[in-house]
There are 2 protein chains.
Amino acid sequence: MTTLKDIAKAAGVSHATVSRVVNNGPKVGPVLRDKIHKLIIEMGYRPNANARALVTNKSTTIGVVIPDVSDPFFATLANGIDKVSRQQNMQLLISTGSLSAESEREAINLLLERRCETIVIHSKKIADDELITLFKAHPHFVLIDRYIADIKDRCVWLDNNEGGKIAARHLLALKHRQFACITSTFDIDDPKLRLAGFVDELAKANITFDSKNLVSAEPTLQGGEIAAQTLLASGQDFSAIFVYNDAMAIGAISTLEDNGYSVPKDVSIIGFDDVLLARYSRPKLTTLQYPIDLMAQHAAQLALRNSQEPRIATNKLKFIPQLIKRESTSTYFK
Amino acid sequence: MTTLKDIAKAAGVSHATVSRVVNNGPKVGPVLRDKIHKLIIEMGYRPNANARALVTNKSTTIGVVIPDVSDPFFATLANGIDKVSRQQNMQLLISTGSLSAESEREAINLLLERRCETIVIHSKKIADDELITLFKAHPHFVLIDRYIADIKDRCVWLDNNEGGKIAARHLLALKHRQFACITSTFDIDDPKLRLAGFVDELAKANITFDSKNLVSAEPTLQGGEIAAQTLLASGQDFSAIFVYNDAMAIGAISTLEDNGYSVPKDVSIIGFDDVLLARYSRPKLTTLQYPIDLMAQHAAQLALRNSQEPRIATNKLKFIPQLIKRESTSTYFK
DNA sequence: TTGAAAGCGCTAACAG
DNA sequence: CTGTTAGCGCTTTCAA
């Protein structure tokens with residue numbers, strides 16, 4: 001590829017001068033400037049970003065650690081970050097670290113080697129302690145979708161617990177009194193927090209959640225189908241189900257309807273996340289919105305701000321899921 | 001950040017030696033090697049990828065130009081590339097260039113500056129000529145989702161025309177004789193090719209497609225809803241609709257059902273793409289599968305192979321959409 | 001087996 | 001306004 005020197009040689013000037021015109025630097029004579037500009041176009045010169053990064057110690061790159069690009073949730077997350085990075089003329093470097101501590105660590109390391117300006121990390125598997133150490137060492141890291149008290153001003157997170165409470169209040173207001181829950185088998189905090197919030201809120205209304213009505217499965221559509229089958233087979237009574245996420249909720253609905261139960265007439269269902277699917281399932285799904293796009297944008301802004309001194313953390317860090325009332329929940333009357 | 005020199009100083013050796021142990025290079029004494037290894041861990045050394053890229057002229061980066069990370073189609077594309085790049089210890093640099101020639105160009109340039117090992121480009125707006133010139137200048141580029149004859153051994157593409165034909169054959173076999181089409185207003189080739197294939201195949205069966213039954217809208221769910229309304233309002237007769245993509249098809253279905261038409265009983269609908277939604281809509285959508293994940297993997301492999309001499313192009317380049325028969329189409333009988 | 005030295009392409013003083 | 005120079009962190013000969 002053409003380099004600064006090539007241009008300099010062709011123009012009969014020093015490479016410093018060429019560098020100046022490339023960077024619109026301090027005054028260069030208009031004649032020279034024009035001549036060099038022409039040469040740059042003609043010879044198809046493109047500055048080498050690596051060389052630049054090396055000398056300036058800036059990389060115009062924002063790194064993102066996510067488990068999987070194709071998952072709509074993470075795709076939306078990445079997109080949120082991309083939106084703000086484009087505004088700042090930065091680029092997205094994605095490092096996929098799927099759900100093991102080892103691979104998350106590896107993903108972070110790769111980004112570290114790239115000397116990204118800043119890094120937004122979605123990590124569910126690395127332990128709190130390790131993350132805390134890591135974040136102390138790298139002031140430009142930001143954690144998304146997870147709250148750790150010791151580094152709380154660098155966590156952009158959703159209050160899952162509150163989400164569970166909101167779900168409970170919604171169903172309670174609809175006069176439901178017997179509940180079931182479908183949760184995820186994945187060993188992360190989110191399902192526990194959502195469930196705990198839900199159960200706590202029931203308790204406040206003097207309802208003890210019967211753990212026989214709790215079923216776990218994989219957090220997928222199929223998982224939801226299976227969980228609903230289990231629930232049905234158990235012969236327990238319930239008029240409403242709080243489901244870990246929308247995919248499972250939609251799976252559960254299809255099982256229920258296949259078994260002659262109508263949603264919401266016989267059973268109310270509430271999901272979590274508000275993915276695209278939720279809006280177009282039949283019945284349309286009542287759910288709790290996970291504003292991941294917005295959160296990602298905030299995380300990116302925070303990250304960018306943290307990457308430069310002085311660090312000011314005025315960002316919104318904690319997000320509350322919002323109830324999206326659609327058609328899968330209704331008043332209980334029997 | 002810690003550098004090679006820091007480690008060298010701490011170990012009392014030259015930085016060349018440290019470089020050797022970092023790269024498992026030619027024999028370094030086992031004692032030294034151990035000592036240095038320890039120091040590397042202790043001091044948290046991470047090689048600077050930019051410096052490395054500069055000197056080796058390799059970047060272990062694979063660039064991707066797509067309009068939008070959050071669109072499930074492109075997210076899947078990116079994921080396909082990510083899969084093969086991970087295998088090769090490469091990383092994904094995403095450059096979003098939305099739907100204007102200028103921004104696509106800009107996205108490519110940014111990747112060029114990064115000296116990516118190779119670049120997979122999804123471009124719908126840059127003219128053929130310009131792309132041809134660009135590709136001649138950069139033998140490591142690969143074009144995805146578009147076919148240009150002059151650079152055909154570097155295009156990984158779907159035969160959209162054939163897709164239209166397959167749709168037509170399917171509906172014809174189901175005894176439909178009166179058709180409508182919903183197409184996209186976006187000024188790219190895909191909708192035209194799909195439609196042309198569809199119409200041509202009808203012609204083979206001696207059916208002239210009535211252009212009054214053709215409606216265009218934005219290629220989104222809402223677009224599909226609107227298009228179906230227009231179709232309904234026109235009062236034309238048809239028993240089957242070939243829709244540009246799944247999102248529009250699902251939108252069309254919801255409009256039809258809201259207006260008292262049952263799918264597929266009254267109207268058969270066939271989509272295109274086979275996105276996730278297609279599998280979980282009600283009725284489940286009959287559609288043509290766009291194997292974008294697979295295509296992206298092939299593109300990445302081709303790209304990687306093209307980035308090193310000698311260039312051998314043994315890859316599969318042309319893909320044919322496959323009919324996925326679900327519930328939204330059925331035999332016509334009236 | 002190890003070190004010295006050159007240089008990748010660029011920016012940023014510092015001179016002139 | 002322009003050139004000279006040093007050096008970013010690293011790999012890679014070439015010597016020792």
Side-chain angles (χ1 to χ4, degrees), chain A residues 1-40 43-61 89 91 109-117, chain B residues 1-40 43-61 89 91 109-117:
Chain A
M1 288 231 61
T2 323
T3 71
L4 269 192
K5 280 188 191 161
D6 297 330
I7 304 280
K9 204 175 295 170
V13 298
S14 83
H15 72 277
T17 304
V18 182
S19 171
R20 283 182 192 111
V21 354
V22 169
N23 298 294
N24 296 309
K27 308 176 189 286
V28 179
V31 201
L32 250 189
R33 166 164 258 122
D34 268 17
K35 181 175 176 186
I36 292 174
H37 258 141
K38 248 172 231 149
L39 249 17
I40 286 177
M43 306 176 64
Y45 169 73
R46 292 276 142 214
N48 184 322
N50 297 313
R52 247 183 199 171
L54 184 57
V55 55
T56 58
N57 210 20
K58 313 212 150 305
S59 67
T60 64
T61 305
N89 293 311
Q91 272 179 293
N109 282 338
L110 287 171
L111 258 19
L112 234 27
E113 296 185 357
R114 284 296 164 71
R115 301 295 190 269
C116 294
E117 215 77 0
Chain B
M1 287 229 61
T2 322
T3 71
L4 271 191
K5 280 187 191 161
D6 297 330
I7 304 281
K9 205 174 297 170
V13 299
S14 82
H15 71 278
T17 303
V18 182
S19 171
R20 284 183 190 110
V21 352
V22 169
N23 299 294
N24 295 310
K27 308 178 189 286
V28 180
V31 200
L32 251 189
R33 166 164 258 122
D34 268 16
K35 181 174 176 186
I36 292 173
H37 259 141
K38 245 170 236 150
L39 249 16
I40 286 177
M43 305 176 63
Y45 170 73
R46 293 276 142 210
N48 183 323
N50 297 312
R52 241 180 203 175
L54 184 58
V55 54
T56 58
N57 211 21
K58 312 209 152 305
S59 68
T60 64
T61 304
N89 292 311
Q91 271 179 293
N109 282 338
L110 286 172
L111 258 20
L112 233 27
E113 297 185 356
R114 284 294 164 73
R115 301 297 189 268
C116 294
E117 215 77 358

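We name chains A, B, ... by the order of the sequence lines, and we start the count at 1 in each one. In what follows, every heavy atom counts, from backbone to side chain, and hydrogens, waters and symmetry copies are set aside.
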What's the [atom1]-[atom2] distance between [X] and [N], to the nearest Å?
X: B:N48; N: C:dC10; atom1: CG; atom2: P; answer: 16 Å
X: B:K58; N: C:dC8; atom1: NZ; atom2: P; answer: 16 Å
X: A:M1; N: C:dG9; atom1: CE; atom2: P; answer: 11 Å
X: B:H15; N: C:dA6; atom1: NE2; atom2: P; answer: 12 Å
X: B:R114; N: C:dC10; atom1: CZ; atom2: C1'; answer: 15 Å
X: B:L54; N: C:dA6; atom1: CG; atom2: C1'; answer: 13 Å

Tell me what [X] touches on the nucleic acid: a base, only sugar-phosphate, or nothing, going by heavy atoms under 4.0 Å.
X: A:V13; result: sugar-phosphate
X: A:N23; result: sugar-phosphate
X: B:T56; result: sugar-phosphate

> If you find the nucleotide of DNA chain C closest to B:S14 and the one closest to B:N57, which residue's nucleotide is nearer the 5' end?
Replying inline: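 The residue closer to the strand's 5' end, by nearest nucleotide, is B:S14.
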> Relative to the 5' end of DNA chain C, which residue comes earlier, B:T17 or A:L4, by the nucleotide with the nearest heavy atom?
Replying inline: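 Looking at DNA chain C, the more 5' nearest nucleotide goes with B:T17.
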So do [Y] and [X] actually touch side chain to side chain, heavy atoms under 4.5 Å?
X: A:I7; Y: A:T3; result: no
X: B:N23; Y: B:S19; result: yes
X: A:L4; Y: A:Y45; result: yes
X: A:N48; Y: B:R115; result: yes
X: A:V21; Y: A:I40; result: yes
X: A:V28; Y: A:R20; result: yes

> Does any residue of residues 28-36 of chain B have a heavy atom under 4.0 Å from DNA chain C, and if so, which ones, in number order?
Replying inline: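 Going residue by residue through residues 28-36 of chain B, the ones with a heavy atom under 4.0 Å of DNA chain C turn out to be B:V28, B:G29, B:L32.
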>> Side chains of B:R52 and B:N57: any donor to acceptor distance under 3.5 Å?
In response: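 There is no such pair between these side chains.
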> Does the side chain of B:R114 come under 3.5 Å of the side chain of A:S59 through a donor N or O and an acceptor N or O?
Replying inline: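 Checked: B:R114/A:S59 side chains show no N/O donor-acceptor pair below 3.5 Å.
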>> Testing the basics here: between A:D6 and A:M1, what is the closest heavy-atom pair and its distance to 0.1 Å?
In response: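 That would be OD2-O, 4.0 Å.
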>> Counting only side-chain nitrogens and oxygens, does A:R52 get under 4.0 Å of the OP1 or OP2 atom of C:dT11?
In response: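 Result: yes.
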> On a plain distance test, is the side chain of B:R20 in donor-acceptor contact with the base of C:dG3 below 3.5 Å?
Replying inline: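 For B:R20, whose side chain was compared with the base of C:dG3, there is a donor-acceptor pair (under 3.5 Å).
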> Earliest and latest nucleotide of DNA chain D, 5' to 3', sitting under 4.0 Å from a non-hydrogen atom of chain B?
Replying inline: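 For DNA chain D, the relevant span reads D:dC8 to D:dT13.
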